[in-house]
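Report on the structure given below.
Numbering of ligands and ligand atoms starts at 1, following listing order. Along the sequence shown, residues carry numbers from 1. Side chains are part of it too, since the values below use all heavy atoms of this structure and drop only hydrogens, waters and symmetry mates.
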Amino acid sequence: MARTIEIEDMITVSTLAEKLSLPVTRLIGELFKNGVMATVNERIDFDTAQIIVEELGLDVQLAKKVQEAALPVREKKPHTDAASSRPPVVAVMGHVDHGKTSLLDAIRGAQVAKGEAGGITQHISAYQIIHNDRAITFLDTPGHEAFAAIREHGAHLTDIAIIVVAADDGLKPQTLEAIRFARKAGVKMIVAINKIDKEGADPNRIKQQLSEQNMLVEEWGGDTVIVEVSAKTKQGVDNLLDMILLVADVEDFRAETDGPATGLIIEAHVEQGRGPIANALVEEGTLKQGDFVVAGTTYAKIRTLESTDGRPLKTAGPSSPVIIAGFKALPEFGDEFVVVGDEKAARSQAERMAIQKRGQGGSDTMTGSELIRIINRNNKVQEMNIIVRADVQGSLTSVIDSLKALDTDEVAVRVVSAGVGAITDNDIHTASSAGAIIYGFNVLAPTPVKRLAARDKIDIRLYSIIYELIDDVKENLSHLLAPEVVETDMGRLVVRAIFKTTKSEVICGGEVTKGKLVTPALARIMRDGEQIATVEVTNLKRGPQDVKEVLEGEMCGLSFHTEARVDLQEGDHIELFTRQTVTRSL
Ligand code: GDP
């Protein structure tokens with residue numbers, strides 16, 4: 001009978017591993033195979049856990065703990081009568097390869113998918129389109145499984161989630177994950193059954209699977225909005241946009257347009273010659289060029305304000321995705337921004353945030369596990385120093401989080417420096433003094449930097465697919481593992497005569513009572529069941545003849561070398577064994 005294990009609706013990878021009595025790395029590996037890249041401390045939902053348990057073929061039945069912990073949904077402020085209607089903010093979610101990017105492209109009329117490494121959307125952005133004279137804002141949420149954390153944030157930013165399901169495939173772990181995120185964040189869902197142009201497309205099967213998730217389609221008496229589309233032929237795309245506007249009308253999304261703007265940072269990176277650049281979504285109020293904005297622990301006087309397709313803007317109202325230049329440092333994905341009166345207020349608020357963050361255990365304070373790692377460092381943990389550079393803050397966080405998951409009791413990755421943007425001279429200097437390898441994710445190393453690296457013999461490794469980067473670090477980390485020593489027992493001799501004893505050598509004779517004796521070999525000298533020395537067998541003789549091996553039942557002469565004098569006695573046992581070192585991998 002299968003064992004039943006109760007788990008929470010959302011469970012961290014480490015807790016699940018513990019409950020299943022599995023090594024956490026095995027669980028992470030299985031999640032990875034199923035397209036969910038989660039680190040030890042990340043939470044996965046019940047359905048994903050269930051799928052993984054099935055895939056692992058464990059004789060375990062998962063059951064949901066009854067009480068459901070509600071995910072905090074960002075509070076929507078009450079609006080005054082003056083609040084105006086605003087465009088809906090829409091995110092496209094779903095399983096990898098079901099066509100999220102293609103659908104976003106079909107809507108935008110652009111062809112971004114083709115330029116991406118491995119067809120993967122690497123970072124979150126946003127754009128606005130006009131349909132029937134009305135604006136709709138799309139969050140270009142990352143489709144890649146490595147960015148589950150960002151997707152989770154994505155749902156919080158969103159009014160409507162489009163759950164993309166390929167008509168020729170079906171509901172997959174990430175589809176379920178997306179449905180769960182959307183439900184918990186209180187976001188309206190529209191299911192887009194995509195790829196209906198394909199042979200083998202079976203929208204009815206998808207509807208059936210949806211009903212199993214308590215999502216009953218309208219034609220079957222439910223209220224789940226479903227649109228059949230093809231991102232390829234664009235069939236149904238207009239209908240999808242109509243449905244978005246219809247849902248928006250029913251929900252009546254509103255915001256204040258007056259007053260200082262507030263909103264969220266959805267992406268940030270450094271641009272050559274322009275400094276930190278942030279993509280942000282205005283939620284309330286009107287953002288203006290020249291405004292002072294605080295975001296997280298940094299602030300800006302808005303030098304330029306642009307739409308996400310690069311048009312300069314003087315102002316931007318609710319639900320507008322914008323590009324802001326002028327930040328002093330990079331804000332982080334998910335930071336709320338707020339407009340304040342002047343530079344002094346901006347600076348002091350940013351400083352206050354920094355102090356608060358440190359107090360809450362931000363990046364400057366140490367977590368328990370980091371502390372343990374440092375304590376261990378003095379004992380046995382072997383560390384691999386690395387420098388990480390990534391194109392945007394979101395990817396950088398994902399890379400670093402995934403690297404942390406590689407740590408074991410013996411080896412650990414130490415990120416000595418990390419940043420957004422191309423690899424710099426300074427990275428080479430840091431790498432040189434720290435003995436670090438530089439990893440770049442979706443960034444380049446300019447030629448002069450490469451030259452400097454070659455001169456200083458610094459290893460730069462550039463990747464555009466996250467799991468390839470992680471695999472490479474893992475392989476390097478494996479080299480740090482102490483090789484495993486494997487001892488193999490050979491045979492045993494009982495000592496019948498001692499011919500010669502010096503400080504470093506003994507020659508004796510006896511009978512092989514077990515196995516076979518070989519040379520060269522190591523041996524334990526045993527007396528009354530206790531080990532009195534470990535020695536090195538240097539020679540075996542059968543009669544006057546030197547031999548390589550002697551079998552059980554035979555008499556032989558045995559010479560051994562010893563570091564410290566051994567007074568061998570008749571009746572002692574000499575147990576021969578060989579020792580091999582075997583390299584290990586993580
Ligand atoms: P994502 O990982 O969800 O962003 O998926 P992509 O947009 O990268 O699409 C995955 C694959 O499905 C690509 O090869 C697309 O060309 C293909 N695809 C996407 N939408 C359609 C569609 O409507 N019809 C067909 N035939 N192929 C599609």
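The closest side-chain heavy-atom distance from R389 to D427 is below 4.5 Å. Looking at heavy atoms from C-beta onward, L245 lies in side-chain contact with H131 at the 4.5 angstrom threshold.
Of all atoms in ligand 1, listed by their number and element, those nearer than 4.0 Å to a heavy atom of H95 are 3 (O). Atoms of ligand 1 lying under 4.0 Å from at least one heavy atom of D97, given by number and element, are 1 (P), 2 (O), 3 (O), 5 (O), 10 (C), 12 (O). Contact atoms of ligand 1 toward D197: 22 (C), 23 (O), 24 (N), 25 (C), 26 (N) (distance under 4.0 Å to a heavy atom of the residue). For ligand 1, the atoms closer than 4.0 angstrom to any heavy atom of K100 are 1 (P), 2 (O), 3 (O), 4 (O), 5 (O), 7 (O). Distances below 4.0 Å separate heavy atoms of H98 from the following atoms of ligand 1: 3 (O), 5 (O).
Checking side-chain atoms of S320 against main-chain N and O of A316 turns up no donor-acceptor pair under 3.5 Å.
For R205 against G170, the heavy-atom pair with the smallest separation is NH2-N, 4.3 Å.
In terms of polar-atom proximity, L103 is not counted as a contact of ligand 1, lacking any N or O under 3.5 Å from an N or O of the ligand. At under 3.5 Å, not a single nitrogen or oxygen of K198, backbone or side chain, sits near a nitrogen or oxygen of ligand 1.
With sequence neighbours excluded, no residue satisfies salt bridge (Lys or Arg N to Asp or Glu O under 4.0 Å) with D238. Considering only residues two or more places apart in sequence or on other chains, S211 meets the side chain to side chain donor-acceptor pair (under 3.5 Å) condition with none of them.
Comparing E199, K195, Q235 against atom 18 (N) of ligand 1, the shortest heavy-atom distance belongs to K195. The closest heavy-atom contact to atom 5 (O) of ligand 1, among the options S102, A106, A166, G99, comes from G99.
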> What's the verdict on side chain to side chain donor-acceptor pair (under 3.5 Å) for N442 and Y463, showing C-alpha distance, side-chain angles and the deciding distance?
Replying inline: CA-CA 6 Å; N442 266 343; Y463 285 92; over 6 Å; no
